[in-house]
Amino acid sequence: MAMTRIEFPDWLVIQPEVKTALMEKTPVVALESTVITHGLPQPINFETAIRMEREVRQAGAVPATAAILSGRIHLGIDTDALERLALSSDARKVSLRDLGTTVARFEDGGTTVAATMFIAHAAGVRVFATGGIGGVHRGDTGDVSTDLPTLSRIPVAVVCSGAKAFLDLPRTLEWLETAGVPVIGYQTTVFPAFVSRESDLSLNSSADSPQDAASILRAHWGLGLQSGVLFGVPCPEDAAIPWAEVRQAIAEAEAEAVTAAVRGAELTPFMLDRLGTKSSGSTLRANLALLRRNARVGAEIAKAFGG
Ligand code: PSU
Ligand code: MN
């Protein structure tokens with residue numbers, strides 16, 4: 001296998017297996033770690049992280065989980081490190097604005113979609129799989145996730161199940177359209193609403209296979225366009241939750257967030273926790289199912305895209 005010399009930034013610690021894969025042009029799929037530190041409860045967070053990595057491997061690609069350990073930025077971490085993050089109660093939620101502080105303070109952190117895109121891109125990884133991106137929150141707080149502007153300027157494909165249904169999904173899509181970010185339904189014509197497959201938001205393009213998805217990526221970036229590309233993969237049918245059920249739980253959790261005055265970066269973890277509790281586990285089950293599926297689809301797209 002031909003080895004390519006690649007300049008990796010000196011601030012990035014790349015796992016040897018990931019580095020070899022990048023140099024040999026074996027497909028690599030980046031994974032985030034906020035979902036481990038802040039998105040899922042223990043001990044399911046650790047199990048899910050392991051399962052996502054396994055899905056990527058089974059589909060013939062190499063998983064590369066991004067995270068910050070004692071202030072060092074990593075791409076690809078071992079099982080012990082995954083467990084350390086999963087058990088940690090003081091790992092930060094690290095988005096773009098937090099990267100420098102976390103490094104300077106030698107802290108641990110789980111990287112969000114935005115921070116993971118930045119890290120993946122620095123190593124030349126083009127495909128990243130996760131559950132859902134951040135978006136425009138409801139109401140008039142002005143809370144817009146850094147994930148959106150980052151999608152507009154970092155050329156990495158994000159394979160996800162849309163955004164959490166407690167966000168303002170129409171405004172999230174409008175934001176992406178304005179920023180020129182392609183939003184492609186993967187084997188669907190609507191924007192998936194995370195644990196719900198259905199939504200009334202139709203998309204103007206969809207990909208029906210990994211090859212089709214890869215051809216869109218090649219064409220988009222081949223033009224020199226510098227944005228990310230979002231693929232919306234519906235939650236697996238046997239685990240998905242009907243939209244009407246989700247809507248009721250969201251309304252309740254939102255009211256609790258207002259009462260508890262939760263805002264900013266804490267809002268997403270708070271809503272995830274409350275919704276998980278309310279649905280007596282079915283949200284969690286759907287969340288795990290879609291994370292695994294997205295990891296697999298991400299690997300398939302990475303393979304079809306090539307190095
Ligand atoms: N959606 C989920 N689970 C998560 C997140 C989103 O279903 O864990 C995380 C992702 O890491 C995403 C981040 O990038 O929350 C968005 O947070 P904020 O809205 O504060 O940017
Ligand atoms: Mn936010």
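We count ligands from 1, going down the list as the structure has it; atoms in each ligand are counted the same way. Throughout, numbering of the chain's residues begins at 1 and tracks the sequence.
Each of the atoms 8 (O) of ligand 1 lies under 4.0 Å from some heavy atom of Gly39.
Checked against the 6.0 Å centroid threshold, Phe305 and Trp221 count as a close aromatic pair.
The nearest non-hydrogen atom to atom 17 (O) of ligand 1, considering only His137, Lys93, Met271, Glu32, comes from Lys93.
Between Glu107 and Arg72 there is no salt bridge, since no side-chain nitrogen of the basic residue lies less than 4.0 Å from a carboxylate oxygen of the acidic one. A salt bridge does not link Glu177 to Arg171: none of the charged side-chain nitrogens sits closer than 4.0 Å to a carboxylate oxygen. Under the 4.0 Å criterion applied to side-chain N and carboxylate O atoms, Lys93 and Asp98 are not assigned as salt-bridge partners.
Each protein N/O/S atom under 2.8 Å from the Mn ion (ligand 2) was counted, for a total of 1.
Shortest non-hydrogen contact noted between Leu12 and Ala123 is CD2-CB, 3.8 Å. Nearest heavy-atom pair across Val56 and Val62 is CG1-C, 3.7 Å.
Nearest protein neighbour of atom 1 (N) of ligand 1, counting heavy atoms only, is Gly132 O, 3.5 Å. The nearest heavy-atom contact from the protein to atom 9 (C) of ligand 1 is Thr34 CG2, 3.9 Å. Here the protein heavy atom with the shortest distance to atom 21 (O) of ligand 1 is Ser145 OG, 2.7 Å. Annotation: atom 2 (C) of ligand 1 to nearest protein heavy atom, Lys164 NZ, 3.6 Å. Thr268 CG2, 3.8 Å is the protein heavy atom nearest to atom 15 (O) of ligand 1. Among all non-hydrogen protein atoms, the one lying nearest atom 14 (O) of ligand 1 is Asp147 OD2, 2.6 Å.
Test Glu245, Glu252, Glu254 against Lys278 for salt bridge (Lys or Arg N to Asp or Glu O under 4.0 Å) and you get one pass: Glu252. Of the residues listed (Thr277, Leu284, Asp273), the one engaging Pro41 in a side-chain contact (heavy atoms from CB on, under 4.5 Å) is Leu284, and it is the only one.
Contacts of Phe118 classified as ring pair (Phe, Tyr, Trp, His ring centres under 6.0 Å), with partners at least two apart in sequence or in another chain: Trp11.
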Starting from the C-alpha separation in whole Å, work towards a yes-or-no answer on side-chain contact (heavy atoms from CB on, under 4.5 Å) for Leu288 and Leu40.
CA-CA 9 Å; Leu288 303 191; Leu40 293 169; 4.1 Å; yes
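Under a 4.0 Å heavy-atom criterion, Leu272 is in contact with ligand 1.
Of the N or O atoms in Val113, one or more lie within a sub-3.5 Å distance of an N or O in ligand 1.
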